*Asks:* 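Got a structure here, written out as structure tokens. Questions coming.
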4 protein chains.
Amino acid sequence: MPAKTAAKPKKSASLAVEDVSRKPQQGRSKASLERMLAAARELMLERGNEDFTLQDVSQRGNVSIGSIYLRFESKDNLVRAVIADALDAISAEETTMLAALTPQCTSLGDFVPRYVESYAEVLRINAPLLRLSMQRAASDPLVSGPGKAHAMRAASQGTEAMMAFRDEIAGDDPERKALSSYHIIFATLARQLSLGSTGESVHDYDWRDLKRELGRMCLAYLRAA
Amino acid sequence: MPAKTAAKPKKSASLAVEDVSRKPQQGRSKASLERMLAAARELMLERGNEDFTLQDVSQRGNVSIGSIYLRFESKDNLVRAVIADALDAISAEETTMLAALTPQCTSLGDFVPRYVESYAEVLRINAPLLRLSMQRAASDPLVSGPGKAHAMRAASQGTEAMMAFRDEIAGDDPERKALSSYHIIFATLARQLSLGSTGESVHDYDWRDLKRELGRMCLAYLRAA
Amino acid sequence: MPAKTAAKPKKSASLAVEDVSRKPQQGRSKASLERMLAAARELMLERGNEDFTLQDVSQRGNVSIGSIYLRFESKDNLVRAVIADALDAISAEETTMLAALTPQCTSLGDFVPRYVESYAEVLRINAPLLRLSMQRAASDPLVSGPGKAHAMRAASQGTEAMMAFRDEIAGDDPERKALSSYHIIFATLARQLSLGSTGESVHDYDWRDLKRELGRMCLAYLRAA
Amino acid sequence: MPAKTAAKPKKSASLAVEDVSRKPQQGRSKASLERMLAAARELMLERGNEDFTLQDVSQRGNVSIGSIYLRFESKDNLVRAVIADALDAISAEETTMLAALTPQCTSLGDFVPRYVESYAEVLRINAPLLRLSMQRAASDPLVSGPGKAHAMRAASQGTEAMMAFRDEIAGDDPERKALSSYHIIFATLARQLSLGSTGESVHDYDWRDLKRELGRMCLAYLRAA
DNA sequence: TATGAATGAGTATTCATTCAT
DNA sequence: GATGAATGAATACTCATTCAT
């Protein structure tokens with residue numbers, strides 16, 4: 001973690017794989033890059049963000065340690081690349097999910113509960129990697145920056161989707177209400193999935209109930225004068 | 001050599017300071033216990049849950065390393081004790097806050113926004129230590145257990161407070177609505193304070209706004225048929 | 001934290017160098033393996049089986065500490081490897097000695113005193129390392145096992161050599177007499193050389209005398225009806 | 001062990017309890033001295049000469065650590081005292097055994113086998129503590145000195161006992177033959193009991209057989225011209 | 001005398017990173 | 001480009017000994 005190694009001049013705050021890895025690769029090199037990323041991802045999921053050795057990655061991914069350093073400046077950057085990949089994949093899923101859901105809905109009362117449900121599913125499926133991202137972001141600015149970017153992208157997508165039903169939203173600032181709703185939905189789902197915190201089901205409060213009530217709350221709020 | 005390794009009796013999964021530390025101390029011993037806990041807490045806040053050395057604690061707290069081991073079985077247990085202390089203190093603050101707030105409020109419309117505001121303040125003030133607790137809980141069962149207990153205590157206190165205005169809550173299951181409200185309030189505040197995740201203000205979304213809208217949302221929900 | 005402690009696969013109870021060291025090495029790796037074994041052996045002889053530091057080995061053998069752990073799972077295994085080497089070398093010397101002595105002897109009366117003398121010499125020369133082996137064996141099963149094996153090999157070789165003159169051995173169980181003689185010879189020589197006990201010449205009883213009398217005693221015994 | 005702590009000027013080479021302990025004690029002090037010696041002895045037998053803590057002694061013996069340092073200059077001296085006590089007790093047993101055996105025997109052929117048998121029994125019973133003595137003596141001159149003294153006392157007692165039958169001993173130097181016999185008997189018994197070396201029965205060679213053959217060998221030797 | 005809390009030097013082991021081949 | 005053996009700094013934990021009470 002950066003806290004320990006204050007040594008070398010670090011790269012800029014960017015995080016996409018091509019930013020963190022040394023060179024865009026092709027062919028068999030690309031395959032080996034994939035293998036080391038996959039091995040690292042597995043290990044991170046099994047043991048936690050940093051509780052694995054490059055030796056481990058080397059063995060599991062069938063890649064030499066030298067190869068890893070050929071692609072990544074440091075172990076930290078390898079971890080960041082895994083997280084960057086994951087965040088990208090999740091963003092894509094969110095987009096897909098919204099693209100599929102929106103056209104099916106005809107009213108706010110139709111949309112909101114289904115949105116909560118669908119978003120919860122996307123987050124649930126990606127919870128392990130999301131958890132890693134958020135844990136790491138807590139202590140690594142090079143991850144918290146891009147993580148924030150991903151969060152804002154998600155927020156604007158979600159808000160936009162609700163704004164498709166803007167005439168059903170009461171009050172004079174529907175935009176704000178939509179954005180607030182998004183934040184509250186995300187926060188609630190994230191916490192329930194324990195992103196960023198405890199490993200297991202933290203709360204005994206029933207997951208199914210909460211999703212339903214969360215939808216109701218948002219609807220009540222968006223419709224209320 | 002095998003002859004040397006005699007298995008140590010491990011402690012139970014409990015976490016209160018007196019459970020994690022070796023002996024209840026008094027007088028100057030107590031003072032030294034305080035110093036090592038304070039030093040550890042400072043270091044944990046500065047660098048993260050584990051990115052400090054017992055050497056560091058020894059120097060900053062003016063305690064010998066041996067003394068630390070006189071009170072704590074391991075560095076891990078020292079960390080746990082710091083967290084246990086913090087959770088206890090926060091619980092106390094929550095209780096105090098509610099005890100002060102409740103009698104001042106005459107209606108749900110009066111209570112909910114002020115509750116959100118006050119709770120937000122309690123969490124904001126304790127955010128750094130809460131963050132440490134939640135991060136640690138993610139990988140240490142000896143912390144996640146008690147952390148969960150603290151969360152449930154808080155949930156029941158919050159719900160109970162709202163139930164003081166139960167006749168203003170519409171619908172046939174006011175209890176569920178109150179509990180859902182608590183969860184959503186906590187999740188939103190926690191996320192905004194980045195408990196369990198990023199170090200700094202994660203979201204550019206305005207803090208003041210969100211608190212207000214959160215209150216409104218809950219009110220709308222609780223009142224809605 | 002539990003997440004970190006993954007149990008290491010332990011090796012079997014075997015002891016030969018290639019069993020205790022991690023990999024068969026060649027070339028310059030072999031040279032560095034030799035240097036660390038030599039350094040460890042010197043230090044063990046100077047200070048005792050365990051009263052040396054890996055730091056010491058690193059400096060004296062001009063090997064990095066990491067390299068030691070590349071070859072040996074632990075300091076204990078390094079010590080075991082030194083002992084295994086020594087036991088192998090001694091076994092070889094015993095075999096050589098017997099192979100040289102036996103053909104020169106024409107009778108039991110010729111053989112026994114010369115055997116005592118020659119065996120005493122082999123043991124004397126290897127006394128320091130033998131002492132280390134036996135001391136270590138007292139508390140380390142991974143050494144006592146192979147040590148026992150070495151002892152039995154030696155016993156059978158010695159017995160066999162005496163049995164070359166079986167027709168000079170009186171009584172109806174020459175095998176037993178030969179084996180008993182071997183045990184008594186070894187025990188006496190070992191004790192005199194203080195294998196397994198005191199550092200210096202323990203006994204003031206004259207070494208030269210005892211060897212002679214030991215030979216006479218065995219002869220008298222083997223020949224007696 | 002002395003090898004490590006070259007620090008303080010040590011006492012003379014003497015070892016009797018009153019030499020190693022600080023002061024001759026009486027009354028309840030004596031009782032506490034006994035308790036710490038007993039506790040130390042137990043721990044040494046359970047774990048080995050040095051693999052115990054003064055903390056352990058303090059708890060098991062119900063003596064404060066300060067008390068131990070009131071009686072003994074160091075942990076090493078406590079260990080030495082335990083060994084000194086043991087050697088004294090064994091010497092006494094040897095004397096008793098000889099005093100009981102000698103008058104019962106009328107000839108060398110009567111005496112020798114019974115002596116081997118009885119001596120083996122004395123050694124067998126005291127094997128654990130004798131083992132500790134010899135192990136410690138290997139690296140601690142303050143023990144090896146007195147250990148040697150004990151050995152010589154035993155040698156002269158044993159020799160003397162055999163010399164009671166001097167007219168049955170052939171040859172012109174019965175004294176030497178008796179002394180040689182003693183050494184060989186002791187060495188063989190000691191090795192078989194693994195004094196000074198491996199923990200368990202080292203040899204598969206049958207204990208009962210060896211004792212008988214050892215007696216026969218000595219007899220044959222003593223009687224042979 | 002007696003106590004036992006405090007001290008802190010000493011050491012095995014891990015693992016990210018380098019670089020000779 | 002690839003390799004993986006070598007490096008060595010970094011750190012938790014133990015326990016004999018002291019000394020204030």
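Keep in mind the model is a prediction, meaning the values are calculated, not measured. The figures that follow rest on heavy atoms only: side chains count, while hydrogens, waters and symmetry mates do not. Throughout, protein chains are lettered first and strands after them, A, B, ... in sequence-line order, and every chain is numbered starting at 1.
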*Asks:* Distance check needed: dC15(E) P versus Tyr69(A) OH, whole Å only.
*Replies:*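 These atoms are roughly 13 Å apart.
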
*Asks:* Could you state the atom-to-atom distance from CZ of Phe72(B) to P of dA12(F) in whole Å?
*Replies:*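 Going from Phe72(B) (CZ) to dA12(F) (P), I get 15 Å.
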
*Asks:* Test of understanding: with side-chain contact (heavy atoms from CB on, under 4.5 Å), list the residues that count as partners of Ser58(D), not counting sequence neighbours.
*Replies:*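 Checked Ser58(D) against side-chain contact (heavy atoms from CB on, under 4.5 Å); matches are Ile65(D).
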
*Asks:* Rounded to the Å, how far apart are Leu78(B) CG and dC13(F) P?
*Replies:*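 That distance rounds to 10 Å.
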
*Asks:* Measure the distance from CD on Gln59(B) to P on dA12(F) and round it to the nearest whole Å.
*Replies:*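 Checked: the CD to P distance equals 12 Å.
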
*Asks:* Asp56(D): what forms a side-chain hydrogen bond (donor to acceptor under 3.5 Å, both in side chains) with it, not counting sequence neighbours?
*Replies:*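 Asp56(D) satisfies side-chain hydrogen bond (donor to acceptor under 3.5 Å, both in side chains) with Arg47(D), Thr53(D) once adjacent residues are dropped.
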
*Asks:* Could I get a table of every N or O pair under 3.5 Å where one atom is in the protein and the other is in nucleotides 7-10 of chain F?
*Replies:*
from, atom 1, to, atom 2, distance (Å)
dT7(F), OP2, Ser64(C), N, 3.2
dT7(F), OP2, Ser64(C), OG, 2.8
dT7(F), OP2, Ser67(C), OG, 2.5
dT7(F), O5', Ser64(C), OG, 3.3
dG8(F), N7, Gly66(C), N, 3.1

*Asks:* Assess Lys75(D) against Phe52(D): is NZ or CZ under 6.0 Å from the centre of the six-membered ring, and within 45 degrees of the ring's axis?
*Replies:*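 Yes, Lys75(D) and Phe52(D) form such a contact.
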
*Asks:* Specify the separation, in whole Å, of atom CG of Asp56(B) and atom C1' of dG8(E).
*Replies:*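 Distance, rounded to whole Å: 15 Å.
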
*Asks:* Kindly determine whether Phe72(B) and Leu33(B) satisfy side-chain contact (heavy atoms from CB on, under 4.5 Å), including the steps that lead there.
*Replies:* CA-CA 10 Å; Phe72(B) 300 97; Leu33(B) 177 60; 3.7 Å; yes

*Asks:* Can you identify which nucleotide, out of dA16(E), dA6(E), dT14(E), has its nearest atom closest to the Leu54(A) side chain?
*Replies:*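 Nearest to the side-chain atoms of Leu54(A), counting from C-beta on, is dA16(E).
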
*Asks:* Output the single nucleotide from dA2(F), dA5(E), dT14(E) whose closest atom is nearest the side chain of Arg71(A).
*Replies:*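 Comparing dA2(F), dA5(E), dT14(E) against the side chain of Arg71(A), the answer is dA2(F).
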
*Asks:* Can you tell me how far the CD1 atom of Ile83(A) sits from the CG atom of Leu78(A), to the nearest 0.5 Å?
*Replies:*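 Answer rounded to 0.5 Å: 10.0 Å.
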
*Asks:* Dot-bracket for DNA chain F: what is it, with Watson-Crick or G-U pairs under 3.5 Å, [ ] where a pair crosses earlier ones, and | for a pair to another strand?
*Replies:* .||||||||||||||||||||

*Asks:* Given atom CG of Asn77(D) and atom P of dT17(F), what is their separation to the nearest angstrom?
*Replies:*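 That distance rounds to 9 Å.
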
*Asks:* How long is the gap from CG on Leu129(B) to CG on Leu45(B), to the nearest 0.5 Å?
*Replies:*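 Between atom CG of Leu129(B) and atom CG of Leu45(B) there are 4.5 Å.
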
*Asks:* Using whole Å, report how far NZ of Lys30(B) lies from C1' of dA6(E).
*Replies:*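 Going from Lys30(B) (NZ) to dA6(E) (C1'), I get 19 Å.
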
*Asks:* Could you check how far CD of Glu73(D) sits from C1' of dT18(F), rounded to whole Å?
*Replies:*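 Nearest whole value for this atom pair: 14 Å.
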
*Asks:* Under a 4.0 Å threshold between the charged nitrogen and the carboxylate oxygen, would Arg136(C) count as salt-bridged to Asp76(C)?
*Replies:*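 So Asp76(C) pairs with Arg136(C) through a salt bridge.
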
*Asks:* With sequence neighbours left out, what residues match Ser67(A) under side-chain hydrogen bond (donor to acceptor under 3.5 Å, both in side chains)?
*Replies:*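 So Ser67(A) forms a side-chain hydrogen bond (donor to acceptor under 3.5 Å, both in side chains) with Ser64(A).
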
*Asks:* At under 4.0 Å, does any side-chain N or O of Ser58(B) touch on OP1 or OP2 of dT7(E)?
*Replies:*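 No, Ser58(B) has no side-chain N/O under 4.0 Å of OP1/OP2 on dT7(E).
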
*Asks:* With Arg60(B), which residues qualify under side-chain hydrogen bond (donor to acceptor under 3.5 Å, both in side chains), at least two apart?
*Replies:*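 For Arg60(B) the side-chain hydrogen bond (donor to acceptor under 3.5 Å, both in side chains) partners, ignoring immediate neighbours, are Glu42(B), Glu46(B).
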
